[in-house]
Amino acid sequence: MNAPSISDRGPRRFGWPQRVFSQVLLMQLAIITGVTVLVTGLFLAPLSAQLDDEAMRRALAIAQSTAAQPGIAEDLRTTEASASGPVQSAAERIRRATGAEYVVVMDHRGVRWSHPETDRIGEVVSTDPGDALRGREVMEIDSGTLGRSARGKVPLRDPGDEVVGAVSVGIEYDSVRARLLGAIPGLLAYAGGALAVGALAAYLISRRLQRQTHDLAFSDISALLTEREAMLHSIREGVVALDGTGRIRLLNDEAQRLLGLGPEAAGRPLAEVLDGGRTADVLAGRVVGDDLLAVQGGRVLLANRMETDDGGAVVTLRDRTELEHLGRELDSTTGLIDALRAQDHEHANRLHTLLGLLELEMHEDAMEFVTEVVGVHRATAEQVTEKVQDPLLAALLVGKATVAAERGVSLRLAPGTLLPDRVVDPRGLVTVVGNLVDNATDAAAGSGDARIEVGLRAEGRTVVLRVRDSGPGVAPEQYASIFTEGWSTKDLPAHGKRGLGLALVRRLAERQGGSVTVAGADGGGAVFTVVLPEALAGPETADPATAPHPATTGDSR
């Protein structure tokens, strides 16, 4: 199915794009951008807190170093608070050396003894020094007379370990913010690089998707999917799609009917839903060719398999059951017509013979001739109906005997043949016997002393059928393949296919829990043996009055 062209999609509209390629690209770019912004934000948030903590720890370390300076505690007790005092001098030296915003030394009352602005010396500090004066170290971000800063406060102790004051050190908060802002360009550069790589990858993926979807819009894909589902489930041809591992991807309604499967088979391996056999081999690609024959559940199927680019395959199945039956009926009709034509010539010869005897006034010879001709056919029919009591099967054997005779083949019943009129599935047994007799006739025709021997006997409720012919026989290496669909040594018939007769015989036998085998016959030819359990209706044992004597029920060979 061809994809709709761009010109078939109507006038172009601005807004959200319709094609899969464009939509996927935009969604991927939006996702990548969002993730990049989120990651950048998540990185900046702890970075700010980390820089704040680093500034507070640095301020605390400077305060600790200042408090540890020898003589500051003594100077605090022995001198006055002034701009030229030793405490101010020492504090300013430390401030300049460390780059701190301020180093303030205060006494136990909170009065400043040092400050970058000398006019504030002698005043009480603007923030509460209580924790430091009580002997605890403090780290905080706070605002004071010099603005917002990262602070560290420590107690100032004399040689006797008594708290005589405190040291407060501040790091200008603008410098911390500047470090944070200075890190942002580099971080944004990395984020931009990651965004560019992600956008390129999104573009390449979208281009690949564009090629795979043939530049369709989502609405086009939805419409194509709907049309495909409607088409697959409405056609009267089975379609089975397989992936590269042999798993069923799609199974339409007709394929489910032909293969005897349900919708649950989709998604399961082919070997799991179909038993081993020719049908499974054809679907799996182990048997290759065009118009391959297969038999599934009594149906004759014609299968064609086409590989797909992804390693899978699509198999189409056509039901040839009715056509095959018609073809076989055509073959049978053609055979009957040939037989009737031959009988017409023979009948004309007999009438001419009878007319000659009457013209020669050989009336007794004419009566003997008529009696003999009628008696032969009547004896054959009576013999068959006496031993084969099912009317359909008896009629089949009488007709097959006539056709075989016209082809120079003698068809007779094997000694010990006796089949009561209790067949559960007469039509199925007629199909089995008819196929085997037809194959035997084809094999025996043209051979010396051409003959066919058919044996039917009942063993409880089991029917045992043996058909022996005087043909060339079957090679031992072909005993297994002879029952495979499509196997044949004959020329093609009018309907164009052979190799189904024995396959149908085997399928019918297996459906009833039985079996069919082939072996070589004594003196040449082949013997086909079919065992059909439960083929006869009750009682479980045959009537003693009609049961064959044990001595006569052995192998017809």
Side-chain angles (χ1 to χ4, degrees), residues 44-183:
L44 286 176
L47 177 61
S48 177
Q50 180 181 357
L51 292 176
D52 288 349
D53 183 72
E54 181 182 343
M56 288 187 294
R57 292 185 179 279
R58 179 184 169 204
L60 183 64
I62 296 172
Q64 291 171 340
S65 299
T66 302
Q69 290 290 323
I72 289 186
E74 182 65 24
D75 291 338
L76 189 66
R77 298 179 61 179
T78 60
T79 63
E80 295 291 335
S82 64
S84 59
V87 175
Q88 169 70 2
S89 300
E92 283 300 297
R93 184 177 64 254
I94 294 174
R95 183 182 68 82
R96 289 191 295 268
T98 59
E101 183 180 13
Y102 62 84
V103 177
V104 174
V105 180
M106 67 192 78
D107 61 15
H108 64 281
R109 297 169 301 168
V111 176
R112 299 187 186 98
W113 284 61
S114 65
H115 196 278
E117 298 177 358
T118 56
D119 56 346
R120 295 185 181 274
I121 296 175
E123 297 178 356
V124 177
V125 294
S126 58
T127 56
D128 183 18
D131 289 339
L133 293 176
R134 286 189 289 270
R136 290 195 296 269
E137 295 182 346
V138 178
M139 290 192 307
E140 61 184 0
I141 301 291
D142 203 354
S143 298
T145 56
L146 296 179
R148 191 171 181 80
S149 60
R151 302 183 177 188
K153 297 178 182 180
V154 298
L156 181 61
R157 303 175 186 273
D158 62 8
D161 202 28
E162 179 182 355
V163 177
V164 296
V167 177
S168 176
V169 176
I171 302 296
E172 186 178 5
Y173 194 73
D174 289 342
S175 65
V176 178
R177 184 179 302 163
R179 290 185 60 192
L180 176 61
L181 296 177

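These numbers come from a predicted model, not from an experiment.
Between A132 and P155, the closest heavy-atom pair is O-CB, 3.1 Å. Contact detail for A91 and V105: the closest heavy-atom pair is CB-CG2, 4.4 Å. For the residue pair P116 and R95, the shortest heavy atom distance occurs at CG-CD, 3.9 Å. Scanning all heavy atoms of the two residues, the minimum distance from R157 to G135 falls at NH2-O, 3.6 Å. Here the closest non-hydrogen pair linking S168 and M106 is CB-CE, 4.0 Å. When all heavy atoms of V169 and A100 are compared, the pair lying nearest together is CG1-CB, 3.9 Å.
The side-chain heavy atoms of Q88 and S82, taken from C-beta on, include no pair separated by under 4.5 Å. Using a 4.5 Å heavy-atom threshold, the side chains of I121 and H115 count as touching. The side-chain heavy atoms of V163 and H108, taken from C-beta on, include no pair separated by under 4.5 Å. At least one side-chain heavy atom of T98 sits less than 4.5 Å from a side-chain heavy atom of I94. Annotation: side chain of R112 is in contact with side chain of R120 (closest heavy-atom distance under 4.5 Å).
Comment: E54 does not engage R57 in a salt bridge, judged by the lack of any side-chain N to carboxylate O separation of less than 4.0 angstrom.
Taking D107 as the reference, R109, W113 meet the side chain to side chain donor-acceptor pair (under 3.5 Å) condition, with sequence neighbours excluded. Applying the salt bridge (charged side-chain N to carboxylate O under 4.0 Å, His left out) rule to R136 yields the partners D131; only residues at least two apart in sequence or on another chain are considered. By the side chain to side chain donor-acceptor pair (under 3.5 Å) test, D158 is found to be paired with R77, residues two or more places apart in sequence or in another chain being considered. Annotation: side chain to side chain donor-acceptor pair (under 3.5 Å) contacts of R96 (sequence neighbours excluded): none.
The environment of CD in E117 is crowded: more than 12 heavy-atom neighbours from other residues, nucleotides or ligands sit within 6.0 Å.
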Start with the C-alpha gap between L156 and L76, add the side-chain angles, then the distance that decides, and say whether side chain to side chain contact (heavy atoms under 4.5 Å, CB included) holds. CA-CA 10 Å; L156 181 61; L76 189 66; 3.7 Å; yes
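Judged by distance alone, the side chain of S114 and the main-chain N or O of V103 form a donor-acceptor pair under 3.5 Å.
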Distance-only donor-acceptor hits, side chain of residues 60-70, under 3.5 Å, sequence neighbours excluded:
unit_1: Q64; atom_1: NE2; unit_2: E137; atom_2: OE1; d: 3.0
unit_1: Q64; atom_1: NE2; unit_2: E137; atom_2: OE2; d: 3.0
unit_1: S65; atom_1: OG; unit_2: A61; atom_2: O; d: 3.0
unit_1: T66; atom_1: OG1; unit_2: I62; atom_2: O; d: 2.8

Side-chain atoms of residues 123-130: list all donor-acceptor pairs with protein atoms under 3.5 Å, sequence neighbours left out, distances to 0.1 Å.
unit_1: T127; atom_1: OG1; unit_2: R151; atom_2: NH1; d: 3.2
unit_1: T127; atom_1: OG1; unit_2: K153; atom_2: NZ; d: 3.0
unit_1: D128; atom_1: OD1; unit_2: G130; atom_2: N; d: 3.0

